[in-house]
2 protein chains.
Amino acid sequence: MTASTARAERRPSPRKRAGNGAARQHDADEIGLDALVGHAGYAVRRFQIWIFQDFIKTLGDVDIRPTQYSVLTVIGANPGLSQMAVAKRLGIERARLVHLLDSLEQRKLVKRVKSKTDRRSHALHLTAPGETALTKFKRLAAEHERHVEAKIGKENRERLLQILAGFT
Amino acid sequence: MTASTARAERRPSPRKRAGNGAARQHDADEIGLDALVGHAGYAVRRFQIWIFQDFIKTLGDVDIRPTQYSVLTVIGANPGLSQMAVAKRLGIERARLVHLLDSLEQRKLVKRVKSKTDRRSHALHLTAPGETALTKFKRLAAEHERHVEAKIGKENRERLLQILAGFT
DNA sequence: TATTGTTATACTCTATAACTATA
DNA sequence: TATAGTTATAGAGTATAACAATA
């Protein structure tokens with residue numbers, strides 16, 4: 001993030017250019033990325049870091065991180081899902097989901113209900129306060145999304161969603 | 001990854017649809033993402049995971065990961081950089097770069113040379129075998145990039161690079 | 001035998017703070 | 001005082017393996 005924001009404020013860089021040979025100083029702005037420039041993965045990674053940081057900051061007051069938001073949203077839209085189903089759908093390890101749900105359950109946003117049809121599994125539901133909270137989270141997430149739009153432009157954001165639709 | 005690949009093999013899903021009420025089963029394919037669909041961050045994150053996994057697999061034989069590749073590439077293109085300069089340019093914590101360089105130095109790909117102008121800092125250089133190795137890594141990374149192109153299409157990849165150029 | 005949720009371990013990565021040697 | 005590199009620690013996140021209860 002630091003580097004990308006710094007990059008934005010490009011200036012003529014009137015700094016020292018004295019010939020100090022092999023050990024010459026580089027301005028941050030003039031360090032070449034070479035082959036990295038042609039790699040989609042590099043740009044995507046930097047963008048993803050920016051976007052997650054904005055999400056975390058925008059939902060900072062309610063203390064909800066991207067993964068928690070995705071879990072709450074999917075449970076909210078599909079009440080009764082098992083942990084395995086949520087884990088598979090979101091590409092989260094089931095072992096990791098256990099801890100995520102422990103935290104969300106402690107915060108009384110989610111509840112695990114023992115399934116009657118398969119006593120091994122839990123049916124996941126939002127609590128009543130969980131439903132209310134998710135409504136607020138969605139409002140804040142939409143605000144974050146407007147930051148993204150402001151950053152890359154409305155049309156670019158839409159094009160991006162189209163290009164990457166296959167990965168959701 | 002699992003979910004996204006599973007998503008690709010969409011089928012009519014002729015499975016049980018019996019009315020088992022609140023605890024009804026969901027096929028992985030029919031679990032709705034709700035608000036997540038409209039979030040660029042979700043798609044970008046899933047794509048970034050796919051792309052890194054392909055990179056790691058494609059460069060698996062030479063045991064080079066994306067961050068290591070980015071460090072080697074930047075040092076190769078800007079010999080004599082300090083650790084701070086590399087860290088800032090790539091958005092890596094300087095504490096983390098120490099370990100990355102320890103590993104690359106042990107593998108004789110990089111060397112830290114004491115700067116004569118500022119005895120606190122190290123000038124980073126590729127070793128001769130490091131130069132040779134990087135050439136091979138770049139060839140493999142280009143192969144990875146062709147996988148990306150095959151996955152999302154040549155024009156979409158180029159458009160993506162345009163849209164995200166500001167984040168590099 | 002296989003699956004669900006759980007626990008545990010290891011490794012990567014991020015975020016800090018503090019220390020040293022220099023500047 | 002501030003900076004470059006280092007060390008250390010804590011918290012996410014990922015990747016595995018193994019276990020108990022249940023299918």
Side-chain angles (χ1 to χ4, degrees), chain A residues 1-3 16 20 23 25-26 28 45-46 48-50 52-53 55-57 60 63-71 80-105 110-124, chain B residues 1-3 16 20 23 25-26 28 45-46 48-50 52-53 55-57 60 63-71 80-105 110-124:
Chain A
M1 203 276 294
T2 51
K16 63 171 164 253
N20 42 5
Q25 305 303 308
H26 293 255
R45 174 63 176 155
R46 297 296 298 243
Q48 189 254 306
I49 289 169
W50 181 90
F52 266 44
Q53 281 173 343
F55 187 99
I56 291 165
K57 192 168 61 177
D63 192 26
I64 288 291
R65 299 169 65 83
T67 309
Q68 295 175 311
Y69 178 74
S70 69
V71 169
L81 279 189
S82 69
Q83 296 186 192
M84 272 305 293
V86 171
K88 271 189 194 158
R89 185 65 188 87
L90 292 175
I92 302 169
E93 282 297 318
R94 71 190 204 276
R96 163 128 186 77
L97 185 61
V98 170
H99 301 297
L100 284 166
L101 288 172
D102 285 350
S103 153
L104 294 173
E105 205 169 28
V110 163
K111 60 186 176 233
R112 287 187 250 225
V113 180
K114 286 189 177 161
S115 166
K116 291 175 181 176
T117 53
D118 183 343
R119 289 166 59 206
R120 290 172 304 181
S121 78
H122 296 156
L124 299 173
Chain B
M1 201 278 294
T2 52
K16 63 172 164 248
N20 43 4
Q25 304 304 309
H26 294 255
R45 174 64 176 153
R46 297 297 297 243
Q48 188 253 307
I49 290 170
W50 181 89
F52 267 45
Q53 281 173 343
F55 187 99
I56 291 165
K57 191 168 62 178
D63 192 25
I64 288 291
R65 298 169 64 83
T67 309
Q68 296 175 310
Y69 178 74
S70 70
V71 169
L81 280 189
S82 70
Q83 297 186 192
M84 273 305 293
V86 171
K88 271 190 194 156
R89 185 64 188 86
L90 292 174
I92 301 170
E93 282 298 318
R94 72 190 203 273
R96 164 129 187 75
L97 185 61
V98 170
H99 301 298
L100 284 166
L101 289 173
D102 285 349
S103 153
L104 294 173
E105 206 169 28
V110 164
K111 58 184 177 237
R112 287 187 251 224
V113 180
K114 286 189 178 163
S115 166
K116 291 176 182 178
T117 54
D118 184 343
R119 289 165 59 206
R120 290 171 304 181
S121 79
H122 297 157
L124 300 172

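Only a predicted model underlies this, so the values are computations on that prediction, with no experimental measurement involved. Throughout, protein chains are lettered first and strands after them, A, B, ... in sequence-line order, and every chain is numbered starting at 1.
Side-chain contact check for A/I92 versus A/V71: some heavy-atom pair is nearer than 4.5 Å.
Residue A/F52 is the one, among A/E93 and A/F52, whose nearest nucleotide of DNA chain D lies closer to the 5' end (criterion: closest heavy atom). Mapping A/R45 and A/M84 onto DNA chain C via the closest heavy atom, the residue that lands nearer the 5' end is A/M84.
Atom NE2 of A/H122 sits about 6.5 Å away from atom NZ of A/K114, to the nearest 0.5 Å. To the nearest 0.5 Å, atom OG of residue B/S115 and atom CG of residue B/L81 are 12.0 Å apart. Taking OG from B/S82 and CG from B/D118, the interatomic distance works out to 8.5 Å, rounded to the nearest 0.5 Å. One finds the CD atom of B/Q48 at 8.5 Å from the CZ atom of A/F52 (value rounded to the nearest 0.5 Å).
Following rounding to the nearest Å, A/Q48 (CD) and C/dT14 (C1') show an atom-to-atom distance of 12 Å. The CG atom of B/L101 sits 13 Å away from the C1' atom of D/dA4 (whole-angstrom rounding). Computed from coordinates, the B/H122 NE2 to D/dT3 C1' distance equals 14 Å when rounded to whole Å. Following rounding to the nearest Å, B/I56 (CD1) and C/dT12 (P) show an atom-to-atom distance of 11 Å. The interatomic distance linking A/K88 (NZ) with C/dT3 (C1') rounds to 9 Å, in whole Å. The CG-P distance, from A/L97 to D/dA12, rounds to 16 Å in whole Å. Atom pair A/R96:CZ and C/dC11:C1' shows a separation of 15 Å (rounding to whole Å applied). Per the geometry, CG belonging to B/L81 stands 15 Å off C1' belonging to D/dG5, to the nearest Å.
Regarding contacts with the backbone of D/dT6, a side-chain N or O of B/Q83 is found under 4.0 angstrom from either OP1 or OP2. Put simply, A/Q68 has no side-chain N or O that comes within less than 4.0 Å of OP1 or OP2 on D/dG13.
The two atoms that bring A/D63 and A/Q68 nearest to each other are O-OE1, 3.6 Å, heavy atoms only. Across all non-hydrogen atoms, the minimal contact from A/F55 to A/I64 is CE2-O, 3.8 Å. Nearest heavy atom pair, residue B/S70 against residue B/T67, reads OG-O, 2.7 Å.
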What side-chain donor-acceptor pairs closer than 3.5 Å can you find for residues 93-104 of chain B, not counting sequence neighbours?
residue : atom : partner : partner atom : Å
B/D102  : OD1  : B/R112  : NH2          : 2.2

Atom pairs under 3.5 Å, N or O on each side, protein against nucleotides 18-23 of chain C: can you list them with distances?
residue : atom : partner : partner atom : Å
C/dA23  : OP1  : B/R119  : N            : 3.1

List, with names and distances, any nitrogen or oxygen atoms from the protein found under 3.5 Å away from nitrogen or oxygen atoms belonging to nucleotides 8-10 of chain C.
none

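Residue B/S121 has its side chain nearest to D/dA4 when only C/dC13, D/dA4, C/dT6 are considered.
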